[in-house]
Amino acid sequence: MGATDHTTARRDVMVIFGITGDLARVKTFHSLYRLEERGLLDCPIVGVAFEDWTKDQLAQRARESITAQEGDLDEAVFARLMDRMSYAHGDFGKPETYDGVKQAMGGAEHPLFYLEVPPNLFATVVKGVAGAGLATNARFVIEKPFGHDLASAKALAAELHSVVDESQLLRVDHYLGKVGLEEIPFLRFANTLLAPVWNRDYIDHVEISMTEAFGVDDRGHFYDPVGALRDVVVNHLMQVVVAVAMEAPDYGDRSSLGRRRTELLREIVPVDPARYVRGQYRGYRDVDGVAADSTTETFAALELRIDNPRWEGVPFFIRTGKKLRATETEVRVVFREAPSLGFGLRGEAPPTNELVVRLGPTFGVRVALAAQRVDAATPELAELDVGFAATPGESPTPYEVLFEAALAGGGMRFASQDTIDAEWAVIQRLLDAPPPVQPYEPGTWGPSAADALIDGRGGWPEPWLDG
Ligand code: BG6
């Protein structure tokens, strides 16, 4: 219902429900400020929340949030941002709240509603917006979690679809806004050096590693019912797998890209619980909000298989965890061994080629080639590195990228319900029959059982770290 050609038009107002909340404090104000700084905002912004705040209180919160992230703040940029912001308050369950929102929106015709609210309020807000006659040309940005398993994800979607059309929904997976992720398909398909070898004939296995040195800290209440698999594997890391493995879209529109993403996700074989390792760092149970006998995983490692002609027989190893040795996200594509050389180079087999795409904390690409120096005893790996961003914060943050995309009217940076369903289907067996959780020491690379998972392929590599 409600979708028209106007759905993809440039947005002429951004309405943020939950502007007084934690996500806004940590991410939203800062991203909007950076967009303002780069001259990329051109519409009014309306913040909405339950609290009866004045505009000054909103400005104070915005200032604190931005300086906490950015250090110094440019007063002229901040003033421009505040000029475009207004505030409306009220209970999300009451129709008069949406009358206030309508008034604050002026005569805007193509609104973007951003729901920074718990998922159990999504439908309430969308229905409130629709009840005030504001949903027709609108788009709604919603934040994970989209359910806690396949059945609940479908139920949430059905509820939303009873009020708005799927084309109006923009589901955030902030990895789709990460500089580096979209570059992976480009790198694969735009380089004649890579495109022909990107398959089972040349690639031995793929490793995707998202390690974090920090713990759950003040997020115990959120994290304990969720765990690593639901927090980052079913969404962010699955999108990394898609970028590495999907076929090229036929056209540059949202539906072609979405189709390719969903196709690939449907070709991933539901993961066998025997190929899944769960870990929990020592000290996790002392975190505020975590149950004293919690068996939630703060570490997950698993092996994926993709059932299609390109990837048959190529394992994708994934690992993620908190309180590990370093903070680093990377994809490592490990190529097959070269055949033994017939021309008498000092005996040893050449080391295998690798292509590493670093996604965090900064973005870069490394190609490792086997090289033999005349004066060296054995062949070595020569590493060719391109660092696209030298320091964290230099590139646009994922939320800047996502806001910009949503305001422009496009939808390619967002996940569709089909992809969400397919992601849950991949891990549903792991949710149904989770293996026992294994303790690990903070500052390590996780439980030793995770090493066994990848033993036959040379073990987990030392990630590409700075320095
Ligand atoms: C979030 C998770 O979605 O992603 C966090 O809830 C995780 O637990 C974060 O730390 C990681 O994002 P990034 O961009 O820092 O890799």
Side-chain angles (χ1 to χ4, degrees), residues 174-199 202-214 232 236-237 239-246 314-321 324-338 345 348-398 400-401 445 454 457-467:
H174 82 271
Y175 264 50
L176 292 175
K178 222 181 219 319
V179 172
L181 195 84
E182 197 167 80
E183 284 73 5
I184 295 175
F186 187 85
L187 196 69
R188 290 174 49 196
F189 295 115
N191 288 292
T192 316
L193 188 70
L194 295 177
V197 297
W198 207 263
N199 56 54
Y202 295 93
I203 292 176
D204 185 77
H205 65 282
V206 177
E207 297 154 357
I208 297 171
S209 194
M210 173 189 183
T211 63
E212 296 178 323
F214 49 88
V232 299
H236 308 333
L237 296 183
Q239 291 297 347
V240 180
V241 174
V242 167
V244 174
M246 72 174 184
V314 180
F316 281 61
F317 296 103
I318 294 181
R319 74 169 169 177
T320 184
L324 298 180
R325 196 176 299 164
T327 299
E328 166 80 12
T329 302
E330 68 171 39
V331 180
R332 188 172 292 256
V333 178
V334 182
F335 289 84
R336 287 186 182 281
E337 279 181 4
L345 278 177
E348 262 192 48
T352 49
N353 295 148
E354 292 182 0
L355 182 117
V356 188
V357 179
R358 189 185 202 214
L359 293 167
T362 60
F363 170 52
V365 176
R366 163 179 289 177
V367 178
L369 297 176
Q372 172 77 63
R373 277 171 49 152
V374 184
D375 56 349
T378 52
E380 291 169 0
L381 269 187
E383 289 173 341
L384 314 178
D385 294 356
V386 185
F388 287 90
T391 50
E394 210 173 289
S395 316
T397 60
E400 284 172 70
V401 173
W445 287 123
I454 193 177
R457 309 269 173 170
W460 295 100
E462 192 70 16
W464 174 7
L465 302 175
D466 289 324

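All values below were derived from every heavy atom in this structure, side-chain atoms included, with hydrogens, water molecules and symmetry-related copies excluded.
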Minimal non-hydrogen separation, Val244 against Val331, with atom names
CG2-CG1, 3.6 Å

Is a side-chain donor or acceptor of Glu330 paired with a backbone partner of Ile208 at a separation under 3.5 angstrom?
no

Angle between ring planes, His236 versus Tyr175, binned at 30° and 60°: parallel, tilted or perpendicular?
parallel

Does a side-chain heavy-atom distance below 4.5 Å link Val333 with Phe316?
no

Going from OG1 on Thr352 to OH on Tyr202, what distance comes out if it is rounded to the nearest 0.5 angstrom?
16.0 Å

I need the minimum non-hydrogen distance between Arg188 and Ala243, along with the two atoms involved.
NH1-O, 3.1 Å

When you compare the side chain of Met210 with that of Val232, does any pair of heavy atoms fall below 4.5 Å?
yes

Count the heavy atoms of every other residue, nucleotide or ligand shown that sit under 6.0 Å from CG of Leu384, and state whether that count exceeds 12.
yes

Distance-only, no hydrogens or angles: does the Thr327 side chain make a donor-acceptor pair with backbone N or O of Ala213 under 3.5 Å?
yes

Looking only at heavy atoms, the pair that brings Glu207 and Gly459 closest together is OE2-O, 3.9 Å

The reported gap from CD1 in Ile318 to CD1 in Ile454 (rounded to nearest 0.5 angstrom) is 11.0 Å

Output all residues satisfying side chain to side chain contact (heavy atoms under 4.5 Å, CB included) with Thr211, sequence neighbours left out; order by chain, then residue number.
Ser209, Arg319, Leu324, Glu328, Trp445

Work out which heavy atom in Val401 is nearest to a heavy atom in Pro396; give both atom names and the distance.
CG2-CB, 3.9 Å

Taking every non-hydrogen atom, the tightest pair across Pro379 and Pro351
CB-CD, 3.8 Å

Should Phe317 and Trp460 count as side-chain neighbours, where that means a heavy-atom distance under 4.5 Å?
yes

State the CH2-OG1 distance between Trp464 and Thr329, to the nearest 0.5 angstrom.
13.0 Å

How many angstroms lie between atom CD of Gln239 and atom CE of Met246, to the nearest 0.5 angstrom?
9.5 Å

Taken to the nearest 0.5 Å, the spacing of Asp385 CG from Arg358 CZ works out to 9.5 Å

Candidate pair His205 and Arg336, rule side chain to side chain contact (heavy atoms under 4.5 Å, CB included), full reasoning
CA-CA 8 Å; His205 65 282; Arg336 287 186 182 281; over 6 Å; no

Around atom CD of Glu337, are there more than 12 heavy atoms from other residues, nucleotides or ligands closer than 6.0 Å?
no

For residues 177-187, run the donor-acceptor check on the side chains, cut-off 3.5 Å, and write out each pair with its distance to 0.1 Å, sequence neighbours left out.
| unit_1 | atom_1 | unit_2 | atom_2 | d |
| --- | --- | --- | --- | --- |
| Glu182 | OE1 | Arg413 | NH2 | 3.2 |
| Glu183 | OE1 | Gly180 | N | 2.7 |

Beyond-backbone contact of Ile203 with Val197, side-chain heavy atoms, under 4.5 angstrom
no

Does the side chain to side chain contact (heavy atoms under 4.5 Å, CB included) test come out yes or no for Leu381 and Leu369, once each step is laid out?
CA-CA 5 Å; Leu381 269 187; Leu369 297 176; 5.9 Å; no

Applying side chain to side chain contact (heavy atoms under 4.5 Å, CB included), can you list everything that pairs with Glu380, at least two apart in sequence or on another chain?
Ala376

Taking Arg457 for the side chain and Asp204 for the main chain, is one N or O donor matched with an acceptor at less than 3.5 Å?
yes

